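As the structure is a computational prediction, the values presented were derived from the model and not from experiment.
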Amino acid sequence: MVNKLCASAGWQKPSLVIISNGVLSCSDMRITWFFAAAMVSGGCVCGQPSFTLEQALSAPFPADLTVSPAGGRIAWVYNARGVRNIWVAEPPQYRGRVVTAYTEDDGQEISGLCWTPDAGEIVYVRGESANSAGEYPNPSSDPKGVEQAVWVVPTAGGAPRLIGEGSSPSVSPRGGRVAFVRKGQVWSASLDAKEKAGQLIHARGQNSDLQWSPDGARLAFESNRGNHGFVGVYDVAAGTVRYLDPSVDRDAFPVWSPDGRRIAFVRIAGTGEHEDFSPRRSGPPWSIRVADADGASPGGAVWEAAEGVGSVFRGLAAEQQLFWAGGRLVFPWERDGWLHLYSVPVSGGDATSLTQGAFEVENAWLEPEGKQMLYSSNQDDIDRRHIWRVAATGGAPVELVRGSGLEWSPEVASDGTLVFLHSDQRRQARPAILLASGEVRDLAPDAIPANFPQDALAVPQQVIFSSADGMELHGQLFLPKADGDQRHPAVVFFHGGSQRQMLLGWHYMYYYNNAYALNQYLASRGYVVLSVNYRSGIGYGLNFREALNYGPSGASEFNDVLGAGLFLKSHPAVDPARIGLWGGSYGGYLTALGLARASDLFAAGVDMHGVHDWTEELGISKNDAAGRLAFNSSPMAYVKGWRSPVLLIHGDDDRNVNFRQTVELAEALRGRVSFEQLIFPDEIHDFLKHAHWLAAYEAAARFFDARLKPIMGKSGAQ
């Protein structure tokens, strides 16, 4: 069956490359492997791991790194085994300390950190957004219920104060007040919590992205009206709202000029929505517009993207997309097929390229003096992230941090200190500063548990191999400890998204940080693990991300699923009869697709909240050509050929993938295929409770042990 599938997909003989400790050559499918200590570290071949999953998931995960407007202070959120708290570090010692005192793994997220002007307090959000029914996530099934609310806490010590139900806080530069969003409307309250919160603006649509003017006299915001959107400005003194240069298109990402007189924003032609999971390499060009905040002039376009490549807006992995740098506006653009930074005069003109090459800028930050940009990218190191600096007027970028690790989310504190998050192959993500000497200093080294098993972890190898249709793919290979000629069970991991990229180290996203931990744990149990960066993911340019016929438009990623399986099948350390699949979300979709269409290649799989019927997920009919193609791109279309056992894991308050996807797949498999299930009542897509991540991963490891380890390979059972 696999040979027929490969032939139908236009199989090309793969060139397989292993980069790190070994070299691999392949000729006419007769594969010769050359090893130089390729089987290294991180595991016990007898199946007795040197660490537990709880230990692998024990290090706290940092998020929401932010710097204060004064005093050189730094704040972030640490999630330690589901217990989330705000931490602060300040000069001169920069030693992290906790300022909140939450103690439970209760599934209540902390986010949206913003400082008061004097850096004496931090405003934050506790809780997650409501679903379409208005229900806040309650993964602990607390009978009292939960809500998402805005809080403020003093950094010098003291209990947090409740501001009110809502999210997306923005503190006025004048101090004393905070604006926030409640159910799509703009509210405000005093920071001393003595005054009851009240609705500031009554406006149609869903309002968000609150941006105060530098003097605190006005508040800019986005007003999403469904098939179009405006940028609005609220005048505090006059109590009026004005919409800037309104049109039928979608306006977004407002940014103030330093003098507070003008606003720049992005205009996306049409609805600006692209949620059908189909390639979009070109479209009506987007533009940048500038308008007077007081309406004195109607404003207009200062720059417009060219037709063709780069005509569709592609943003940074950040909330801010435009940066007002003196007399220039800095913005992201894919003109050459890669996401780079450009700048244009505020008065209009041609764009100047700030970064160039076969790499992508992921997030960026304007330094306080307003002249230089910090950014993280995979420049010269395509499967990692590093931090660079470039002038807003142009010039050669300068790399600030370099090594075998990953660095991201750069900012500059008010005292000039470079702050960022970083990780490497064995040490999890953590906040740090760059000293004048070039030394990187962690802000909270004592927060890492003493039994975190960093020395027992595998160092993943970069591998480059061919898909079944010849496309070049990147991945990370986790190898168990060398044990002579014994063959191992193997597992392929597919990330979600699909616009994600797995890296050569602990990931910067919480979901994939956890996935990296499971891959390490499986390697420690004697599995060979291949993490695949399949087409429609990020990091390798526009054409790779907007891959032809991907997802519901043809499932072209199935070629990558096959290529990964055949790569492992040919690996001398792998028993070809014991290859499994696992993934979550879009990775769950590819796991199910692999099991449904290639059960002879894949012996078992763990499918976490995957899509199984595109027509159901997208709400389209199976009766037209697009609907038939979408269904035929779905695992449900191939259930009759599905034979390999599967573990289904899902939370029933999933807001990303409808829980019905798993319900209907289970019904289709019942009586036909052996399946197990693990369901978390009231849990969402990206599990909020650490206990649920641990339970899901322990179930996955047990499932693979039961389904893959007992099978006899050529060199005997493990």
Mind checking what makes side chain to side chain contact (heavy atoms under 4.5 Å, CB included) contact with Arg225, not counting sequence neighbours? Arg204, Ser223, His228, Phe230, Tyr243
ring-ring contact (aromatic ring centres under 6.0 Å, His included) with Trp506: which residues, sequence neighbours excluded? Phe452, Tyr516
Report yes or no: do Tyr508 and Glu362 form a side-chain donor-acceptor pair below 3.5 Å? yes
Considering residues at least two apart in sequence or located in another chain, which fulfil the salt bridge (Lys or Arg N to Asp or Glu O under 4.0 Å) criterion with Arg500? none
Could you tell me which residues satisfy side-chain hydrogen bond (donor to acceptor under 3.5 Å, both in side chains) with Glu109, sequence neighbours excluded, listed by chain and number? Arg84
List for me each residue that meets side-chain hydrogen bond (donor to acceptor under 3.5 Å, both in side chains) alongside Ser585, sequence neighbours excluded, and say none if there are none. His685
Side chains of Ser536 and Ser498: donor-acceptor distance under 3.5 Å anywhere? yes
Side chain to side chain, Val561 and Leu593, heavy atoms closer than 4.5 Å: no
Carboxylate-amine/guanidinium contact Arg267 Asp245, below 4.0 Å: yes
Which atom pairs, one a donor and one an acceptor, fall under 3.5 Å between side chains of residues 471-479 and the rest of the protein, sequence neighbours left out?
from: His474; atom 1: ND1; to: Asp383; atom 2: OD2; distance (Å): 2.9
from: Gln476; atom 1: OE1; to: Ser531; atom 2: OG; distance (Å): 3.1
from: Gln476; atom 1: NE2; to: Met502; atom 2: O; distance (Å): 3.1

Using only heavy-atom distances, determine whether the side chains of Asp607 and His612 contain a donor-acceptor pair under 3.5 Å. yes
With Phe313, which residues qualify under ring-ring contact (aromatic ring centres under 6.0 Å, His included), at least two apart? Phe253, Trp286
Salt bridge Glu334-Arg545, side-chain N to carboxylate O under 4.0 Å: yes
Any residue meeting salt bridge (Lys or Arg N to Asp or Glu O under 4.0 Å) with Asp653, in chain and number order, not counting sequence neighbours: Arg655
Between Asn207 and Glu222, does the side-chain contact (heavy atoms from CB on, under 4.5 Å) criterion hold? Intermediate values first, please. CA-CA 5 Å; Asn207 304 294; Glu222 289 183 27; over 6 Å; no
Of all residues at least two apart in sequence or in a different chain, which pass the side-chain hydrogen bond (donor to acceptor under 3.5 Å, both in side chains) check with Asn533? Tyr540
Report yes or no: do Arg384 and Gln379 form a side-chain donor-acceptor pair below 3.5 Å? no
The salt bridge (Lys or Arg N to Asp or Glu O under 4.0 Å) partners of Glu128 (sequence neighbours excluded) come to none
So which pairs with a foot in residues 549-562 pass salt bridge (Lys or Arg N to Asp or Glu O under 4.0 Å), sequence neighbours left out? Arg535-Asp560
Listed by chain and number, what are the salt bridge (Lys or Arg N to Asp or Glu O under 4.0 Å) partners of Arg660, not counting sequence neighbours? Glu616, Glu664
Flag the pair Trp303 / Phe331 as yes when their ring centroid distance falls below 6.0 Å, and as no otherwise. yes
Does any non-hydrogen side-chain atom of Leu665 lie less than 4.5 Å from one of Leu648? yes
